[in-house]
Each structure stands twice: as structure tokens, then as C-alpha cells.
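Owing to the predicted nature of the structure, the values given are computational and were not obtained by experimental measurement.
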Amino acid sequence: MTVRQLCANVVNRIAAGEVVERPASAVKELVENALDAGASRIEIATDGGGRRLIRVADDGTGMTRADLDLAVERHATSKLDGDDLLAIRTLGFRGEALPSIGSVARLTITARHAGEPNAWSITVDGGAKAEIKPAALSQGTRVEVKDLFYATPARLKFLKSDRSEAEAVRDVVRRLAMSRADVAFTLGSDERAPVTWPAALPGAPGRLARLADILGTEFRQNAVEVRAERDGVMVEGYAGLPTHSRANSLGQYLFVNGRPVRDKLLIGVIRGAYADYLPRDRHPVVALFVTLPPREVDVNVHPAKTEVRFRDNTLVRALLMHALKEGLARDGQRAATTGGNATIAAFRPATLPRRGAFDWRRSPSRPLPRGAVAAWAAPDPGFAEAAQAVFDVGGAAATARVEVAEPAPDLLDRPLGAARAQVHDTYIVAQTRDGLVIVDQHAAHERLVYERMKTAIDQKGIARQILLIPEIVELDDADVERLLSRTEELKRFGLAVESFGPGAIAVRETPSMLGEIDAAALARDLAEHLAEWDEALPLERRLMHVAATMACYGSVRAGRRLKTEEMNALLREMEATPNSGQCNHGRPTYVELKLTDIERLFGRR
């Protein structure tokens, strides 16, 4: 076949396929244009999930008649000062969004520049450009996109339901609203009432206020501020506590120079920073902002501008890891407030009849069938059964041991208070000056042991104890080879293994701080994880999970009775240990109930 030049209309539709994948893509391009125009207020409205109508209005600088005529031409842009594609300081740069949208929809742009006597309007219908006409608009720009993809019917078949497309639009606007807390956003659709995120104050407080408006007050209550800077690269934002996590990674929001991105490199760094706190099936909630010189990042690697490439990946990764770890370590003793809220929600106060209300079916004088129990004699559902079980004192009282002595006043002022009782030989109940704390003794001690192991590894290695009788563990030949190839490194973790013939190893030494453990199960678990880990990762990073597993084996188990002195010692060590607010699996180690919340349960407030 001969080579031929494609016509302009076909070229525009090909570009539209790259830039405008769905209505949310068009909304993203138009809102970014509004932000680049210096808008302080942006209004977005959609109909049919953006399929029938997309309207974006802003109060930015607008466009002159000449600019408006050129804006719908391919490769025309106002966002590059020269020809240097690495000097991009705006959100848009490709010069293809407006002509691409106009080639597959009915596009109308109305704009007014401060230097023009009136506004101007232009229409592009399926790639056909109309004449510019005078229009009425007080300020800024208004863009309307109707019947998206009507000129390419095949693309309509790939769109999802109106509700799904509207949700995608909402997600795009949410991300852009997070990136610019100083701009007011209003989003409305035919399915939902309009929602407005007002402009916030500049700086970290305003950013946190905007994040709370979008992600909810729970994120604000459980967010840790992170910040680090090195060699012109700055990382700042907020990271959720490990106990405030989700089952997927949709709650991770990343921004590079104000641009929302989905970068696998940064996502991997986040997972690594939370590796000591969360299991694999839980994901943190974060909103992180990376700022660096434009020449240090390439934003021209993806048509939809959702991916970037850093000139120095190592620097960005290290800085992001440092910022997250430093922030989590600083507030690691906190547990998510959702634990206390969930505890309060578990209690259901009994509902008493209103004064003067009478129900004959509950009357003591009503005759009852043989064997029946009077309704008035059976209590209404009061506390939830799960919560009620903790306070069940029926039968033998061996499951609840109460400290009757008056606690020392200085202990009441400590963050975790003074131990007063052990419930079900599993939970420690402590009293503080303004409430009470419930501690899961196994989860708390598991974290304490794990932190001691990490400290010992960093200093001089973990002390080992020699087993009187070595533990012989039978494994596959491949697993045996993996373990024996790491014998020197494993000794740093207090585990000494050696070959014991074909398909077996002998465990001769175990970490002394763990006491008596199941060495065979530990060796099998280690062999399984060595088979899964990526060899490119540092050994310490890969073996930290094994250290966490060792800590789980050697911690105080649920069901073990503790003396008052032991309980108080555990509380004091928790207060002095970083990251003690959650166990190695991301679960909270304690729940705090304020006195005001308890009084609210009983109607005293």
C-alpha cells in the first residue's frame, strides 16, 4: 500500500482517542485549563455522566478574540514560553485537548478577557469550526461540551453507565480540588445535589481543611503531617495512621507539582513505608504532594498526563520514604479515633416508653399463656451483645480481676493511665484522668517485642539461645537451599540453621528474647517468604516480616493472667515505644474512651 497523509479530521479523532478516553478525561482537561488561567472559583456541571453535557465555568483571565480563534487548533497552547518541553510550569501542555474534544462532540467556548469590551463565543461541531460571535459573559471562560462522542459512535459503546461515568468525573474533580485548596470548586450533576468545596486558607491548615472536606473528618482526626526537603525536592502532605486503613489503594492521592498522578514508583514507596504497620491486604490513606524544579520531572510521557518520570528516582524515593517513616514514628503511639467511635457505636442505650404511653400487651395484669414470659419482665435490647459479653459478671468471676487499691495519682496523668482490671485474661482496662483505656495485651506486646528486635538488629544483632535438642525441619530441596544461602544474615535475627541431610535443616539457635517458640513453624514460614520476595529488595526489608512473625510467636498470648505490676509495666513500655498504637498487622493495640463519651452514653450530657 502507498503511504498517504491523513486528513486533519482523522488526525484530530486519533488525538481524541488518546486524550479524551471518557467524560472524566474531558472534565480533567477543562478544569486544568481553568486552573492555569488563574481561576479562584470553578463550577462543573454534568448530565448523563458527562455524555450529554459537560459545563465548566471559571472566573479566570479569559481569552481575547484572537486567542479564542487559535485555541481550538491543534498544537496551539499558551502554556509554553518557548520550545523547551522540560520547562513546563502549568498543568496542561499538549495543545490537543480542545480540538480533540471538538472533533468528537459539540463544543462551545465563551470567554471574556479584561482587555476586551465584550465576550466572544466559538463553536466546533464534530471538527467543523464555526465563526466567532459576540456573546454575553461577565468574566472568565465557560466551556460547554454536548453529545460527547456523537461523531464517533463506536466510542459510545465503550462507556459505562451514567452513574459510573459520573463517579469517575467526581473522582477527577476531587483530586484536582485536593491539589488546589485555594480555589473554590462546585460540582453538580443530574443525579446528585451540587457539592461545594469553599476556598481554604493557604498553608498546611488550609490543605488539611480541604482534605477533610473531601476525605471526611475521620481522615483529619487520624492524619499525620509529613514533610521533608532535600536538594530542591520537597515532600509534604498528610498520611493516615496505620489503624485508619482501607481494603484497597484508592485512598492514596499523589501530586507532583500540583498535578494528580498515579505513579507506580510512589505507590511502591508508600507500601514500603507502611510495611512495618500493615499486612498486605490493607492499604493506607495518604495525600502527598511532591514539589521539585520542572526540569527534574518529565510530565510529557503520557497523553492523559497521569504518569511522570523523575530525573533522580532515588532521591524522590528516599525523601518520600524518610518523610513517611519520620511522621509515622513521631505519632506512632496514637491509635485511630475510629476505634473509640466504633466502641461507642457498639453500645445501644435501652429505649424506655414515653411518659404517659401505655401498651396493654406489656401490662403485668394481662393473662399469659402457660410457659410464656411477660414482655415487661424481659428487658429491651440494651447493650450490643458483643459489647455486653465483656461486662458479663454472671457465674464464676474468674474472667474479670479488678484492682481495688486506689491507683497512684501520677499514673492517672500518664497517656495510658493506671491498670485497674484485666477482662477475660486478654484485655487490660486502665483509668486515665479523663476517661479509660482498653488494651489488647497480645497486640501491644507483639509490637513491643518487634520494636526491641529492630533495635537489637541495628545495634549488635539479636542474642541467640542454643536449643538443648536441635529442631529438625523437613523441607523441599529448594526451600532448604534458600535458607542455607542466608545463614549468616539469619544469625543477625537470632536464628541459626544448618544442613541436616537431603531435604532437611536443623535449627540450633533461636532469638533469646522470644523465649520458647515453635522453631519448626518459624523455619517453614521463613522458607515460604524467601520464595515470594523479590531478590532486588534489601535483605533487611525482606526479613522484617519474619521479625514481625517472630515477635508474634514470642509475645504475651491472649488468655494469660497478668499481675497489676505487669499490666502497668506493659502500659509504661507502650508509652515509651514508637509505633505502639498498632500491632504488626495494623490493628489497634488500644482503644481510648473519653469520660465525655461515656457520659453521653448514659444521657448525662
Side-chain angles (χ1 to χ4, degrees), residues 272 275-280 325 441-558 560 566 569-570 573 576-580 583-586:
D276 274 359
Y277 310 96
L278 292 177
R280 290 186 176 184
K325 285 194 170 183
Q441 67 188 38
H442 171 65
H445 197 249
E446 182 180 351
R447 168 57 71 174
L448 300 181
V449 173
Y450 180 47
E451 293 298 329
R452 287 202 297 267
M453 293 186 71
K454 291 199 301 182
T455 302
I457 292 171
D458 293 337
Q459 294 177 353
K460 57 182 179 180
I462 298 175
R464 306 190 299 270
Q465 61 182 3
I466 301 176
L467 299 181
L468 183 62
I469 301 177
E471 188 80 28
I472 308 303
V473 185
E474 294 184 357
L475 298 167
D476 293 336
D477 292 340
D479 291 336
V480 171
E481 186 176 350
R482 291 189 190 97
L483 287 174
L484 295 181
S485 65
R486 300 292 187 182
T487 52
E488 293 302 321
E489 291 89 343
L490 291 176
K491 286 182 180 179
R492 293 186 56 197
F493 290 83
L495 193 67
V497 299
E498 63 182 31
S499 176
F500 194 78
I505 62 169
V507 180
R508 294 194 175 275
E509 300 177 12
T510 59
S512 58
M513 69 172 61
L514 301 185
E516 184 178 353
I517 62 173
D518 188 347
L522 180 59
R524 293 190 183 96
D525 184 67
L526 177 57
E528 292 177 0
H529 285 89
L530 283 176
E532 295 176 357
W533 288 328
D534 183 3
E535 291 294 329
L537 294 176
L539 178 67
E540 280 74 14
R541 175 88 170 273
R542 288 180 273 137
L543 294 184
M544 275 304 165
H545 180 78
V546 177
T549 305
M550 292 180 180
C552 185
Y553 288 157
S555 60
V556 174
R557 313 301 295 182
R560 174 180 167 183
E566 293 176 314
L570 181 64
E573 190 173 359
T577 302
N579 311 319
S580 61
C583 73
N584 308 338
H585 311 293

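When the side chain to side chain contact (heavy atoms under 4.5 Å, CB included) test is applied to T487, the partners found at least two apart in sequence or on another chain are L484, V497. The side chain to side chain contact (heavy atoms under 4.5 Å, CB included) test applied to S512 returns A463, Q465, not counting sequence neighbours. Considering only residues two or more places apart in sequence or on other chains, R452 meets the side chain to side chain donor-acceptor pair (under 3.5 Å) condition with E573. Residues passing the side chain to side chain donor-acceptor pair (under 3.5 Å) test with E498, sequence neighbours excluded: R508.
Here the side chains of Y277 and R447 are in contact, with some heavy-atom distance below 4.5 Å. Counting only heavy atoms from C-beta outward, the side chains of Q441 and H445 never approach each other to under 4.5 Å.
Residue V507 comes nearest to A519 through the heavy atom pair CG1-CB, 3.9 Å, listed as atom of the first residue, atom of the second, then distance. Here the closest heavy-atom approach between residue V473 and residue A523 is recorded as CG2-CB, 4.3 Å. Taking each heavy atom of A443 and C583 in turn, the nearest pair found is O-CB, 3.6 Å.
Sorted by first and then second residue, the salt bridge (charged side-chain N to carboxylate O under 4.0 Å, His left out) pairs with a member in residues 461-475 read R464-E509; sequence neighbours excluded.
One finds the CG atom of D476 at 8.5 Å from the CZ atom of R482 (value rounded to the nearest 0.5 Å). Going from atom CG of L448 over to atom OG1 of T577 covers 4.5 Å, rounded to the nearest 0.5 Å.
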Step by step, would you call I505 with I472 a side chain to side chain contact (heavy atoms under 4.5 Å, CB included)?
-> CA-CA 6 Å; I505 62 169; I472 308 303; over 6 Å; no
